[in-house]
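Accompanying notes for the structure given below.
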Protein chains: 2
Amino acid sequence: MPKIVDPEERRASVAAAVWRVVRRSGLDGVSVRTVAAEAGLSPGSLRHYFATQAEVLAFAMQLVLDRVRARVEAVEPDPDTATAVRRVIEELLPLDAERRAEAEVWLAFTTRAQVDPALRALRDASYDALESVCGQLTDALLPDHPGREAEVERLYALIDGLVLHAVMRPDRATPALMRAVVDRHLTELTR
Amino acid sequence: MPKIVDPEERRASVAAAVWRVVRRSGLDGVSVRTVAAEAGLSPGSLRHYFATQAEVLAFAMQLVLDRVRARVEAVEPDPDTATAVRRVIEELLPLDAERRAEAEVWLAFTTRAQVDPALRALRDASYDALESVCGQLTDALLPDHPGREAEVERLYALIDGLVLHAVMRPDRATPALMRAVVDRHLTELTR
DNA sequence: AGTGATTTGGTACGACTGTGCCAGAAAAAC
DNA sequence: GTTTTTCTGGCACAGTCGTACCAAATCACT
């Protein structure tokens, strides 16, 4: 195993350590010491890559949002509009273990953003971006649709609700059920 | 102003203090001292009503869930099915400042339930109850509907997504927009 | 009024927090 | 080979955390 020397990779590995701690103990369990231990670093060394703990949190959250954005952007287009829309939506849903873990971390950060201005800025930006995506999906399915705003919010709320449920009750909100819900919604929209 | 002497009222006022602290500083800001100060008590006195801090949190969360349940149960029935369904849904949504505050607290506790077994039990029970409510609403609108499970989850996810958005972005997810979304959804279901 | 139970305020303890700081190791530059 | 920079580990500090404990105050009841 090659040693990680690139500072940016080191920061990324710290972020991954943050994610693991968040999943195990929640965002409250994230301290300088727990993260350092999880990343295999000493607290003093950790401080060399991140000046403050707030910087650690902001970086770890930003990386989550970046991953979601990258996945959505990487969706290959499809001649069939409904198929293209479905693919984008399914990239936003935690349909496998990795993305469910990602969603858990997202929820933790999103909730803390409620009382942390720095994280709130990140959250609001990603909220706007996702709302825009949902707007594009809606326009693709229903061009010049009256009541567009409500239709966009309906899709966005449905997606976030599914994500929330998959995090809270993965035994209930299974990938199969989430797909069925999306199927039904898209079928109704294109009818 | 009469003095509060009833122990149960005292506990409720402590829970209210917890809610205020949660809204101001998040669930992390809830400590024995901050809650005691917010409730106008000394830490030692607080411990006389709650043996542990975990008990304080469980009680405060339970009271939130009780309020939601009481509101849903208090919905007066209506001969028109669609109207009755809409009324129940609108009781679940944070359409005014008070219920939005309630939703903020709910989100904080729900997120912590992810890593706190005691709170998780409360959350899971209320999740099941709300899922059951959504099932009844769905059955009322669409009796003997094929794919009932997906339809129920679609409604439940939509509601929770709207709640989540109202908490995160009250400027975007306004009461008017939420009503419009629900309107559109119900119109589509009954079509 | 007196007695026993309840309620209150406050202190103390060990554990944990973020951050500041520094000496030594490792690496890089010359 | 020497110097300079980067990196690492660890200690110290002030502060907060939950909880245990206790004496004083207040209350209820005879």
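Convention: sequence-line order gives letters A, B, ...; per-chain numbering from 1.
- A salt bridge links B:Glu73 with B:Arg69: the closest approach of a Lys/Arg side-chain nitrogen to an acidic carboxylate oxygen falls below 4.0 angstrom.
- Going from atom CZ of B:Arg47 over to atom C1' of C:dT11 covers 14 Å, rounded to whole Å.
- With distances taken from any side-chain atom of B:His48 to the nucleotides D:dT6, D:dG9, C:dT8, the minimum falls on C:dT8.
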What N/O pairs connect the protein and nucleotides 15-18 of chain D at under 3.5 Å? Give each pair on its own line.
residue : atom : partner : partner atom : Å
D:dC17  : OP1  : B:Ser31 : OG           : 3.1
D:dG18  : OP2  : B:Val32 : N            : 2.8
D:dG18  : N7   : B:Arg33 : NH1          : 2.9
D:dG18  : N7   : B:Arg33 : NH2          : 3.4
D:dG18  : O6   : B:Arg33 : NH2          : 2.9

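- Looking at B:Arg172, its side chain never comes within 3.5 Å of a backbone N or O of B:His165 through a donor-acceptor pair.
- Note: CG (A:Leu46) to C1' (D:dG10) measures 14 Å, nearest angstrom.
- Here A:Asp28 pairs with A:Arg112, B:Arg112 under the salt bridge (charged side-chain N to carboxylate O under 4.0 Å, His left out) rule; sequence neighbours left out.
- Counting to the nearest Å, the C1' atom of D:dC27 and the CZ atom of B:Arg10 are 13 Å from each other.
- Ring geometry for B:Tyr156 against B:Tyr127 counts as tilted: the plane angle lies between 30° and 60°, on a 0 to 90° scale.
- With rounding to whole Å, B:Phe50 atom CZ is found 13 Å from D:dT19 atom P.
- Ring geometry, A:His185 versus B:His185: the interplanar angle falls under 30°, so the pair is classed parallel (tilted spans 30 to 60°).
- The shortest distance between the side-chain N/O atoms of B:Tyr49 and the OP1/OP2 oxygens of C:dT8 is below 4.0 Å.
- We find that B:Asp128 and A:Arg169 are joined by a salt bridge, their nearest charged nitrogen and carboxylate oxygen being less than 4.0 Å apart.
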